[in-house]
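Here's the structure we're looking at; comments come further down.
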Amino acid sequence: NNRYPALEAGLVNCTWYSNKACCKRTEVTSVFSAMDPLYKATKLCRNYINFLMCFFCSPDQYKFYKPNTKAMVCLDYCESLYEECKTAGFNKTLIGEAYANGTAFCAAQNFHVTENADCFKFDPTVFDQSHRVSSVSLHLLVVVVFFLSKAVSSISVI
């Protein structure tokens with residue numbers, strides 16, 4: 001209730017939210033460590049799943065998550081995820097065998113599938129190499145500035 005987007009370093013699987021995250025590193029670690037391994041997945045499939053699992057870090061939650069409801073995820077996102085991931089699986093079961101379509105898959109993950117404009121949308125740009133580099137560079141800059149400020153404050157004037 002009182003959490004606002006803030007800098008959160010160390011979001012290993014959700015790095016694109018590090019500068020303005022509504023989650024904590026420990027929460028991300030907990031979510032991803034509880035997931036069964038995904039096998040036979042393409043890179044795009046892994047990206048779709050990874051992005052979906054990071055929804056709770058989004059600073060835009062107010063758009064797609066309302067109190068006492070499930071998070072709303074876009075129909076086209078679920079359908080695209082399903083098409084890309086239906087030959088991948090969890091626990092020796094292929095997604096395409098376990099679910100009839102993307103709506104069924106997302107609903108089973110406890111999302112409300114909608115075509116509403118205020119739904120959680122996939123953003124493929126967060127997986128671009130240039131985005132990861134800029135995010136890492138920003139974190140490095142923050143660390144350097146922190147240590148420089150500590151060093152400057154500890155220097156005594158003669």
Side-chain angles (χ1 to χ4, degrees), residues 1-91 93-139 141-142:
N1 289 338
N2 295 319
R3 189 176 294 181
Y4 298 95
L7 179 68
E8 182 68 23
L11 296 180
V12 175
N13 291 307
C14 308
T15 57
W16 55 93
Y17 289 126
S18 294
N19 297 330
K20 197 173 180 182
C22 285
C23 62
K24 300 293 181 194
R25 180 191 55 78
T26 54
E27 294 165 337
V28 171
T29 302
S30 177
V31 166
F32 280 88
S33 67
M35 285 181 59
D36 292 322
L38 182 65
Y39 65 93
K40 293 186 181 179
T42 64
K43 182 177 181 181
L44 181 56
C45 172
R46 289 191 306 272
N47 289 349
Y48 276 131
I49 299 285
N50 191 113
F51 194 81
L52 186 65
M53 298 309 296
C54 290
F55 83 93
F56 65 99
C57 292
S58 174
D60 296 325
Q61 286 181 39
Y62 66 94
K63 293 178 183 176
F64 61 83
Y65 189 75
K66 308 294 183 216
N68 303 316
T69 64
K70 295 178 182 179
M72 294 183 295
V73 66
C74 298
L75 174 65
D76 61 337
Y77 179 15
C78 291
E79 293 304 324
S80 295
L81 181 154
Y82 179 80
E83 285 305 313
E84 186 63 30
C85 297
K86 63 185 174 186
T87 58
F90 295 100
N91 284 335
T93 303
L94 296 180
I95 291 171
E97 292 174 357
Y99 306 99
N101 53 41
T103 299
F105 175 81
C106 286
Q109 310 317 310
N110 212 23
F111 291 100
H112 173 73
V113 181
T114 184
E115 292 186 73
N116 183 330
D118 290 336
C119 56
F120 187 63
K121 299 169 179 64
F122 180 64
D123 180 4
T125 64
V126 301
F127 296 99
D128 291 346
Q129 185 65 25
S130 61
H131 183 274
R132 285 195 303 255
V133 171
S134 65
S135 178
V136 168
S137 298
L138 180 61
H139 291 299
L141 179 62
V142 168

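Just so you know, these numbers come straight off a predicted model, no measurement behind them. Counting from 1, the numbers follow the sequence of the chain as shown.
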Open item on the list: Are there over 12 heavy-atom neighbours, none belonging to Lys121, within less than 6.0 Å of that residue's NZ?
Closed with: yes
With a cut-off of 3.5 Å and sequence neighbours excluded, list every side-chain donor-acceptor pair involving residues 93-106.
from	atom 1	to	atom 2	distance (Å)
Thr93	OG1	Asn91	O	3.4
Asn101	OD1	Thr103	N	3.1
Asn101	OD1	Ala104	N	2.8
Thr103	OG1	Glu79	OE2	3.2

Which donor-acceptor pairs under 3.5 Å do the side chains of residues 63-73 make with protein atoms, sequence neighbours left out?
from	atom 1	to	atom 2	distance (Å)
Lys66	NZ	Tyr62	O	2.4
Lys66	NZ	Lys63	O	3.4
Thr69	OG1	Lys66	N	3.4
Thr69	OG1	Lys66	O	2.6

- [ ] Just grab all the salt bridge (Lys or Arg N to Asp or Glu O under 4.0 Å) pairs involving residues 14-37, residues at least two apart or on different chains.
- [x] Arg3-Glu27, Glu8-Lys24
Open item on the list: So, taking the atom named CZ in Phe111 and the one named OG1 in Thr114, what distance separates them when rounded to the nearest 0.5 Å?
Closed with: 14.0 Å
TODO: Report the distance from atom CG of Leu11 to atom SG of Cys23, rounding to the nearest 0.5 Å.
DONE: 4.5 Å
TODO: Measure across Tyr77 and Phe120 and return the closest heavy-atom pair with its distance rounded to 0.1 Å.
DONE: CD2-O, 3.7 Å
Side chains of residues 46-60: which donor-acceptor pairs under 3.5 Å do they make with residues two or more places apart or in other chains?
from	atom 1	to	atom 2	distance (Å)
Arg46	NH1	Ala41	O	2.8
Asn50	ND2	Asn13	O	2.6
Ser58	OG	Asp60	N	3.0

Task: Ser33 side-chain N/O to Thr29 backbone N/O, donor-acceptor pair under 3.5 Å - done: yes
Open item on the list: Could you check whether any side-chain N or O of Ser80 sits under 3.5 Å from a backbone N or O of Asp76, counting only pairs where one atom can act as donor and the other as acceptor?
Closed with: yes
TODO: Kindly write out the residues that satisfy side chain to side chain contact (heavy atoms under 4.5 Å, CB included) with Thr42, not counting sequence neighbours, or none if the list is empty.
DONE: Leu44, Cys45, Glu84
Task: Residues that Cys74 engages under disulfide bond (SG atoms under 2.5 Å apart), provided they are two or more places apart - done: Cys119
